[in-house]
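Written below as structure tokens is the structure these notes are about.
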Protein chains: 2
Amino acid sequence: MAQTDVPDVVIGRLPIYLQTLKQLQASGQEFTSSKQLGQKLGIGSAQIRKDLAHFGEFGKQGMGYEVNYLQQQIAQILHADRDWSVALVGIGDLGQAISHYSGFAHKGFHIEVIFDNDPQKIGQNYNGKVIQDFNSIYQILPTQNIKIAIMAVPSTSAQEVAEKLIVAGIRAILNYAPISLTLPSYVKVQSMDPLSHLQQMSYYLDPLT
Amino acid sequence: MAQTDVPDVVIGRLPIYLQTLKQLQASGQEFTSSKQLGQKLGIGSAQIRKDLAHFGEFGKQGMGYEVNYLQQQIAQILHADRDWSVALVGIGDLGQAISHYSGFAHKGFHIEVIFDNDPQKIGQNYNGKVIQDFNSIYQILPTQNIKIAIMAVPSTSAQEVAEKLIVAGIRAILNYAPISLTLPSYVKVQSMDPLSHLQQMSYYLDPLT
DNA sequence: TAGATTGTTAATCGATTAACAATC
DNA sequence: TAGATTGTTAATCGATTAACAATC
């Protein structure tokens with residue numbers, strides 16, 4: 001297991017390698033090459049080989065990579081070869097959509113607890129789970145050893161909610177609130193911000209149309 | 001208006017600058033500085049000044065930036081100072097959540113048409129809009145001059161749907177399918193992939209817990 | 001004026017790309 | 001063997017950071 005620190009940007013590409021390998025596997029292909037992967041992803045083959053080199057040697061000269069083996073190896077590196085318990089915070093429209101989304105559970109991320117702070121919602125049954133009072137996170141999260149949270153709360157409370165989650169032991173947050181969180185570096189944060197993406201694209205669009 | 005090509009990575013930061021300026025404005029602050037913005041965003045002040053320098057001079061020495069003015073300028077640069085019509089393709093669980101989400105419309109991105117290919121859904125009224133047959137995109141999109149699409153379709157059909165959208169005149173796609181699209185470079189694509197983000201974070205988590 | 005902060009240039013840093021010996 | 005593709009080193013490229021004169 002490579003212990004020299006691997007750049008964030010490399011880690012960020014591993015999930016898409018994994019995704020692409022899964023597709024190749026589904027299509028029944030046994031071997032692939034850095035060239036083929038690069039073409040599918042629109043990046044250079046050298047970059048893929050360099051990225052993988054951080055973790056070991058996974059291919060054979062002249063042959064390329066065995067799809068199945070490389071997939072397993074990358075899954076292992078990402079800790080995607082196991083199940084993770086996840087807490088969902090905020091069960092408004094967005095939170096409900098997230099909890100419906102089956103893609104997480106199928107890939108090993110299971111929403112085990114749902115929190116909200118609305119007395120109307122607390123205690124209600126949602127998707128087979130009782131909605132818990134957000135104030136009880138200190139009782140619930142540590143005992144269940146949950147390290148990952150998905151935040152679907154208003155921007156106005158996002159920072160405060162995040163800080164409490166950290167106190168409760170959360171170490172990775174997938175943030176759906178369109179705000180930049182300021183948190184200690186030992187906590188990983190990834191933000192989903194569709195509006196930013198739309199604005200980024202509209203820059204390139206002809207404003208006259 | 002700066003015409004020398006600005007790096008993608010810079011354009012990608014402008015929306016978060018805009019977001020932060022809106023927050024400052026909401027809090028009633030009239031002036032800010034690259035230092036303050038940098039601290040809020042966890043990036044260096046020099047980077048912010050350098051980014052802005054691509055487009056002009058927006059500050060005053062010793063004073064910093066007028067929040068309102070800088071906000072307007074960045075909005076203009078991003079073409080976020082106008083309204084855009086958007087097509088939503090796919091009205092399953094995810095598409096429904098997206099169409100409910102009010103954040104887009106409030107920021108100028110209006111979902112004007114909804115497409116699906118399920119005969120059960122076509123013709124039904126959803127959120128005040130009649131769901132259109134995806135096969136009619138060639139009639140509808142060009143006449144309404146819609147350049148932006150949000151894709152919430154299965155991975156298996158994403159590539160094919162994207163290609164048809166381009167023929168119908170779409171030039172920017174916000175893709176929710178977890179797949180890497182291969183498209184001509186004159187089309188901008190941004191992908192929303194929560195699973196990739198979760199896997200990226202789980203890399204850093206202690207696998208033993 | 002003195003202090004602060006800009007816009008910009010130069011220095012540093014890191015990531016991508018090209019090239020190639022090794023070898024399946 | 002000849003062809004293909006790896007892993008890796010060296011060269012290039014681009015982005016971030018540091019520093020500072022200009023000036024509000």
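Chain identifiers are assigned alphabetically (A, B, ...) following the order of the sequence lines, protein sequences preceding nucleic acid strands; residue numbering begins at 1 within each chain. Keep in mind that the numbers below use all heavy atoms, side chains included, and drop hydrogens, waters and symmetry copies.
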Heavy-atom closest contact (B:Asp51 atom, B:Tyr17 atom, distance):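 Reported closest heavy-atom pair: OD2-OH, 2.6 Å.
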Residues in residues 44-52 of chain A with a heavy atom under 4.0 Å of DNA chain D, by number, are A:Arg49, A:Lys50
Specify the residues of residues 26-42 of chain B, ordered by number, for which at least one heavy atom lies under 4.0 angstrom from an atom of DNA chain D.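 Here the set is empty: none.
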Just grab all the salt bridge (charged side-chain N to carboxylate O under 4.0 Å, His left out) pairs involving residues 76-85 of chain B, residues at least two apart or on different chains. none
Of all the base pairs, Watson-Crick or G-U under 3.5 Å, which form stems of three or more consecutive pairs involving DNA chain C? C:3-24 with D:3-24
Could you give the distance from CH2 (B:Trp84) to CG (A:Leu205), rounded to the nearest 0.5 Å?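 CG of A:Leu205 is found 4.5 Å from CH2 of B:Trp84.
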Side chain to side chain contact (heavy atoms under 4.5 Å, CB included) against B:Pro142, all qualifying residues, sequence neighbours excluded: none
Checking A:Gln132 now: which residues fulfil side chain to side chain contact (heavy atoms under 4.5 Å, CB included) with it, not counting sequence neighbours? A:Val113, A:Phe115, A:Val130, A:Ser136, A:Ile140
Taking side-chain hydrogen bond (donor to acceptor under 3.5 Å, both in side chains) as the definition, give me every residue that meets it alongside [X], ordered by chain and number, with sequence neighbours left out.
{"X": "B:Arg49", "value": "B:Ser34, B:Ser45"}
{"X": "A:Ser155", "value": "none"}
{"X": "A:Glu30", "value": "none"}
{"X": "A:Asp93", "value": "none"}

Residues in ring-ring contact (aromatic ring centres under 6.0 Å, His included) contact with A:Phe58, at least two apart in sequence or another chain: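 Result, ring-ring contact (aromatic ring centres under 6.0 Å, His included) vs A:Phe58: none returned.
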Classify the angle between the aromatic ring planes of B:Tyr203 and A:His79 as parallel (below 30°), tilted (30 to 60°) or perpendicular (above 60°). parallel
No-hydrogen, no-angle side-chain donor-acceptor test under 3.5 Å, A:Gln72 and A:Gln76: no
Heavy atoms of chain B, cut-off under 4.0 Å: which first and last nucleotide of DNA chain C, 5' to 3', fall inside that, if you could look? C:dA4 to C:dT9
